[in-house]
Amino acid sequence: MNRYDHKAIEKKWQNIWDEQHAFHADDDTSKPKYYALIEFPYPSGQGLHVGHPRPYTAMDIVSRKRRMQGYNVLFPMGWDAFGLPTENYAIKNKIHPKTVTENNIAHFKEQMKSIGFSFDWDREVNTTDPNYYKWTQWIFLQMFKKGLAYKQEMAINWCPSCKVGLANEEVVDGCCERCGTQVEHRRKSQWMLRITAYAQRLIDDLEGLDFIERVKTQQINWIGRSEGAEVDFIANGQKLRIFTTRPDTLFGATYMVMSPEHPYIDDWKDQIENFDEIMEYRKFAASKSDFDRTEMAKEKTGVEIKGVKAINPVTGTEIPIWISDYVLMTYGTGAIMAVPGHDTRDWEFATKFGLPIIEVVAGGDITKEAFTDIQTGTMINSGFLDGMSVEEAKKAIIDWLVEKGIGERKVNFKLRDWVFSRQRYWGEPIPLVYCEHCGGWQALPEESLPLVLPEVESCEPGPDGESPLAAMEEWINTTCPVCGGPARRETDTMPQWAGSSWYFLRYMDPHNDTALASKEAMAYWSPIDWYNGGMEHTTLHLLYSRFWHKFLYDIGVVPTKEPYQKRTSHGMILGSDGQKMSKSRGNVVNPDEIVDEFGADTMRMYEMFIGDFEKAAPWSEQGVKGCRRFLERIWKMQENVSEETGYSKALEVSMHRTIKKVSQDYETLKFNTAIAAMMALMNEFTAAGTVTKDEWKTFLILLNPVAPHITEELWQIAGEPGFLFQQSWPEYDEAKTVEDRISIAVQIMGKTRGNVEIAKEADQEEALAAVRSDARLNALIDGKNIIKVVYVPGRIINIIAK
RNA sequence: GCGGUUGUGGCGGAAUUGGCAUACGCGCUAGACUAAGGAUCUAGUGUCCAUUAGCGACUUGCGGGUUCGAGUCCCGCCAACCGCACCA
C-alpha cells in the first residue's frame with residue numbers, strides 16, 4: 001500500500017475529469033433535469049477565501065449525489081466581474097480594469113479547479129464579456145420601453161476633496177473612507193428601475209416557494225407593505241397630502257412634520273418667516289444618511305416653519321408645521337400628521353418641543369409614553385369615532401374621508417425604486433442616447449447591441465463626479481436612432497447588480513447569440529431547483545433578480561414566474577479568533593495552503609464538518625487535522641477489504657442506517673452529521689477488523705460527494721469497473737435500520753433510573769415486565785401503587801408510582 | 001433604531017422535533033510502540049461530592065411557567081452576530 005499522497009491523487013483525477021468533460025450537462029431531455037446553483041463570485045484581487053468553498057462544496061455534494069441518482073445535472077460557475085473594487089484597484093495601479101478582471105478570474109478558476117468542484121466549465125459566463133452584457137443591455141431596453149426605467153433626482157454621497165461620488169460602503173462615520181473628508185450629499189439625476197411596481201407580486205409569489213423561512217420574512221419585511229390612508233390637510237391654503245397607518249387617530253393630530261426636502265417649502269418661501277433657519281436645517285439633514293436620520297435612539301431635532309399653519313381636516317383646528325429629518329421624502333408623501341399620544345417618535349418629538357399631546361385612544365397613560373396598542377384601545381375625544389375599537393375607527397374614518405373627498409385608503413411599501421446609475425467606468429454602458437430634437441431619451445436599436453464599453457486611458461471620474469465616459473467626446477457624440485440628428489450618449493453605467501440579475505438564465509444556453517437563451521433550453525432547465533447563497537443577498541440580489549425574472553415573464557421571455565424553486569443559505573466562516581476574516585485583522589486563511597498541505601478532500605470535508613451549515617463557524621487548524629486523520633484511516637482500510645460480498649450480519653444494521661442518514665442529511669444541509677455518521681461507521685469498520693467488498697463500495701459512494709478524489713482512487717485500487725462518480729446511489733431497507741432488540745430508558749417519577757433491553761416491537765406490558773425483572777429497577781417501584789405509565793415505544797418508559 | 005438570527009462541556013458542535021443532554025470531531029490525561037514523537041494505536045474525559053463504593057446531587061445565557069417528562073413549548077429579561085438600499 002502506498003501512502004496517501006493527496007497531491008498526486010487529486011491532480012490525477014482532476015485531469016481525468018477535465019479531459020472527459022465529466023460534469024458537462026447535455027440538453028438531454030430524456031433524463032430528469034436538476035439545476036443546482038450557487039452565487040457566482042466577484043473575482044476580487046485577494047483570490048478565493050475559505051468562505052467561498054463552503055457553499056460551493058455543499059452544492060457540489062448535492063450535484064454529485066443527483067448525478068448518481070440518475071439526473072441530468074446543471075451545476076455551473078461564472079464571474080460577476082463588474083464593480084467598484086476592480087475599478088479602484090485599476091485606478092490605483094494604472095492597469096486597465098479588463099486586465100485586472102482577467103487576471104483575477106484566471107486565479108479564481110485555478111483555485112476552484114484545485115478543489116475539485118464538479119462545475120460544468122463549458123458553460124462558464126462572465127458579466128463583463130460583451131456577448132454577455134449585450135443581453136443585460138437588452139433587458140434594460142425592454143424595461144425602458146415598458147416605462148420601468150426612468151430618470152429622477154437622487155442624493156448621492158459626494159467627497160468634495162476626492163471629487164468623486166461614493167458608495168455607502170466608502171462612507172465611514174459620515175466621512176470619505178480614503179481621505180477622511182466630511183461627505184456631502186449632492187443631488188444628481190439618476191436612472192431608476194421601478195421595482196415598486198412589482199412589490200405586491202414579490203410578496204404574493206413567495207407563497208409556494210421552498211425558501212427557508214427567514215429569507216421569506218426578511219424579504220416581506222423589506223418590501224414592508226403597510227395599509228393605511230392618505231389624507232389631505234390644508235397647509236398655507238393648499239392641499240398637503242400625508243400618509244398614515246393610523247387614520248383612526250386623526251383627531252389626535254396636533255401638528256404636522258414635513259421632510260426638510262419637501263418641495264412645498266420652496267414654494268412657500270415668501271410666507272415663511274424663518275426661511276434661513278429652515279435652509280440651515282435642510283443642509284444639516286442633507287449631511288446625514290437615511291439610516292442616521294431614522295435612528296430611534298437619537299435625540300429628535302427639528303424646526304418649526306413660522307408663518308404658515310395647517311388645518312386638521314377633521315377638527316378644523318389650526319396646527320403648526322415642523323420640519324424634521326426623521327421624515328423622509330422617499331417614503332409615503334414626505335409629510336406626516338403627528339399624533340404624539342399614539343406614536344412613539346411623535347411623542348418624543350412633542351415632549352422635547354412642548355407640543356400638545358391629546359389622548360384619542362383610551363387604555364394607556366400618555367403622560368408617561370405613547371399608547372400604541374391597537375388591540376385593546378377604545379376611541380375617545382374623537383367625535384363620531386368615540387367608543388369604537390381602533391379597527392372599527394379605521395374603517396369609519398376612511399369612509400368619512402372618501403365621502404368628503406379628502407382622503408383614501410392606501411397601501412404603502414417601504415421598498416424603494418432601484419437606483420440604477422453609477423458614475424463609474426467598470427459597468428455596462430446604458431444603451432440610451434439623448435436627442436434634443438426628439439425631446440428625450442431614445443433607446444438604441446436592439447441590433448446595435450452590445451454597446452461596447454469604450455477604451456479609456458484613465459477610468460478616474462471627472463472633476464464634477466461624472467462618469468469617466470463623460471470625457472470621451474467622440475464616443476458620446478452620436479446620432480439619434482429615431483431622427484438621425486445629433487444626440488449624446490448616456491455616460492452613466494449600470495450597477496454590478498445588473499449582470500447578476502439574470503445570469504442563471506445564461507447558464508442554460510451560454511453561447512446563444514440570437515437570444516439571452518433559447519426557449520427550449522429555458523423550458524427544459526427552468527426553474528432553478530436549488531439556489532444556495534448568503535443571507536446578506538436576501539434583500540438585494542435575490543429580490544432584484546426575482547424582479548427582473550418577473551418582468552421577463554411578463555414580456556414572454558421566460559417560462560416561469562419565479563426563477564428559484566428552493567433557496568437556502570450558509571453561515572459565514574470566521575477567523576480562528578471568532579471574528580470576521582479580514583486582512584486588517586490578520587485572520588484570513590488561504591485555501592491554497594490548506595489544499596497544498598492537507599489536500600482538497602480534507603478541506604472540503606472540514607468545511608462541511610465545521611458546524612451547522614446555516615450558522616457561522618470559526619476556522620480551526622486542529623479541526624482540519626481531524627478530518628485529514630479520518631481520510632488517513634479510510635486510506636488504510638483498503639487493506640482490510642475481504643473478497644466477500646453482501647453486508648455482514650454484524651454491520652448490516654449500521655450499513656442501512658448510515659445510508660439512510662447520509663442520504664437524508666445531504667438533502668437537508670446537515671453535512672456535519674452526515675460526516676459524523678460516516679466516521680461512526682468507520683469506527684465500526686475498525687472494530688470489526690475487516691469489511692466486505694459491498695460494505696466498502698457503499699462506503700466509498702456515500703463519501704464520494706464530500707471527498708471525490710480519494711474515493712475515486714480507492715475505487716480504482718479496489719479493482720472496480722468504471723468510475724465511481726458514475727455509480728448509482730445506494731438504497732437502504734427501512735426494516736433493516738433498527739436492531740431486533742433495543743434498549744429503552746426507564747424513568748421512575750420522571751427521573752432516569754436505568755435501561756432495559758426489549759424487543760423493538762414490545763408493547764407496554766412487555767416493557768413493564770422487563771422493568772419488573774430488573775432487580776434494581778424493580779426495587780424502586782416494588783410495593784408502590786403505580787398511578788400512571790407513559791410508554792413511548794422505542795424510546796422511554798416512565799412509571800409514576802407512590 | 002428597524003428587520004433577521006443565535007446562545008448546550010476546555011473548543012467546533014449533536015439531540016429522530018416534547019422522550020436516556022453532551023453523538024461525531026478537536027483538545028486534554030494515562031498507557032503501548034519508539035532512538036524520538038508534534039506519527040500511530042488503546043483507554044479515559046460535563047461539573048460537584050464521594051472514592052473499597054454511587055440506586056448521589058447539579059447542568060443546555062438568566063428568571064418564571066406548562067407537562068409524567070422541557071435544550072426543545074409559553075411569558076419576562078440579558079448578551080452576541082448579520083443586513084439596512086452606491087460593497088459584492
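Chain naming here is simple, since letters A, B, ... match the order of the sequence lines and numbering starts at 1 in each.
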For this session: State, yes or no, whether a side-chain contact exists between A:F598 and A:M605 at a heavy-atom distance under 4.5 Å.
Result: no

For this session: Could you measure between the two P atoms, the one in B:C78 and the one in B:G10, and give it in whole Å?
Result: 26 Å

Exercise. Quick one: which of B:G25, B:C20, B:A85 gets closest to the side chain of A:R416?
Worked result: B:A85

Exercise. Expressed in whole Å, how much space separates the P atoms belonging to B:C58 and B:G4?
Worked result: 38 Å

Problem set entry | Check: A:N640 main-chain N/O paired with A:T690 side-chain donor or acceptor under 3.5 Å | yes

Problem set entry | Residue of the set A:W497, A:F140, A:W191 for which ring-ring contact (aromatic ring centres under 6.0 Å, His included) holds with A:F420 | A:F140

Exercise. Taking OP1 and OP2 of B:G69, is either one under 4.0 Å from a side-chain nitrogen or oxygen of A:T752?
Worked result: no

Exercise. Quantified in whole Å, what is the C1' atom distance between nucleotide B:U8 and nucleotide B:U22?
Worked result: 8 Å

Seminar exercise, completed: Heavy-atom nearest nucleotide on RNA chain B taken for A:R629 and for A:Q496; more 5' hit belongs to A:R629

Exercise. Between A:F349 and A:Y326, is the ring centre distance below 6.0 Å?
Worked result: yes

Exercise. Does A:G534 offer a backbone N or O that forms a donor-acceptor pair with the side chain of A:E39 under 3.5 Å?
Worked result: yes

Exercise. Given B:C58, B:G83, B:A85, which nucleotide is nearest the side-chain atoms of A:K751?
Worked result: B:C58

Exercise. When the C1' atoms of B:A14 and B:G31 are considered, how many whole Å apart are they?
Worked result: 30 Å

For this session: Please state the P separation for the pair B:A21 and B:C26 - nearest whole angstrom.
Result: 25 Å

Problem set entry | Proximal nucleotide (of B:C86, B:A57, B:U42) relative to the A:Q190 side chain | B:C86

Problem set entry | Of the listed nucleotides B:C68, B:C86, B:C82, the one nearest the side chain of A:W497 | B:C86

Exercise. For B:G25, does OP1 or OP2 lie under 4.0 Å from any side-chain N or O of A:N683?
Worked result: yes

For this session: Answer whether the closest heavy-atom distance between the side chains of A:M603 and A:V624 falls below 4.5 Å.
Result: no

For this session: Rounded to whole angstrom, note down the P distance from B:G13 over to B:A88.
Result: 30 Å

Problem set entry | Inter-nucleotide C1' distance (B:C82, B:G71), Å rounded | 24 Å

Problem set entry | Rounded distance in Å between the P positions of B:U72 and B:G65 | 14 Å

For this session: Kindly state whether the ring of A:Y606 and the ring of A:W619 have centres lying under 6.0 angstrom apart.
Result: yes

Problem set entry | Options B:U42, B:G25, B:C87, nucleotide nearest the side-chain atoms of A:L84 | B:C87

For this session: Using a 4.0 Å cut-off on protein heavy atoms (strictly under), produce a 5'-to-3' string for nucleotides 70-77 of chain B with B for base contact, S for backbone-only sugar-phosphate contact, and - for none.
Result: --------

Exercise. Among B:G83, B:U40, B:C55, which nucleotide sits nearest the side chain of A:K580?
Worked result: B:G83

For this session: Establish, from distance only, whether the side-chain atoms of A:S654 and A:E684 form a donor-acceptor pair under 3.5 Å.
Result: yes

Exercise. What residues, two or more places apart in sequence or in another chain, satisfy side chain to side chain contact (heavy atoms under 4.5 Å, CB included) together with A:A801?
Worked result: A:I781, A:K784, A:I786, A:I799

Problem set entry | Closest nucleotide among B:G7, B:C20, B:C24 to the A:F609 side chain | B:C24

Exercise. Pairing of RNA chain B as dot-bracket, 5' to 3': ( ) intra-strand, [ ] crossing, | other strand, . unpaired, with Watson-Crick or G-U pairs under 3.5 Å?
Worked result: (((((((..(((......[....)))((((((.......))))))((((....).)))..(((((..]....))))))))))))....

Exercise. Should A:I336 and A:D346 count as side-chain neighbours, where that means a heavy-atom distance under 4.5 Å?
Worked result: yes

For this session: Considering just the side-chain nitrogens and oxygens of A:N221, establish if one lies under 4.0 Å of OP1 or OP2 belonging to B:G4.
Result: yes

Problem set entry | Syn or anti conformation of B:U29, syn meaning chi within 90° of 0 | anti

For this session: With RNA chain B as reference, determine whether A:R424 or A:Q622 sits nearer its 5' end, using the nearest nucleotide of each.
Result: A:Q622

Exercise. Side chain of A:T57, backbone of A:R604: donor and acceptor closer than 3.5 Å?
Worked result: no

For this session: Have a look at B:G64 and give me syn or anti from its glycosidic angle (syn if within 90° of zero).
Result: anti

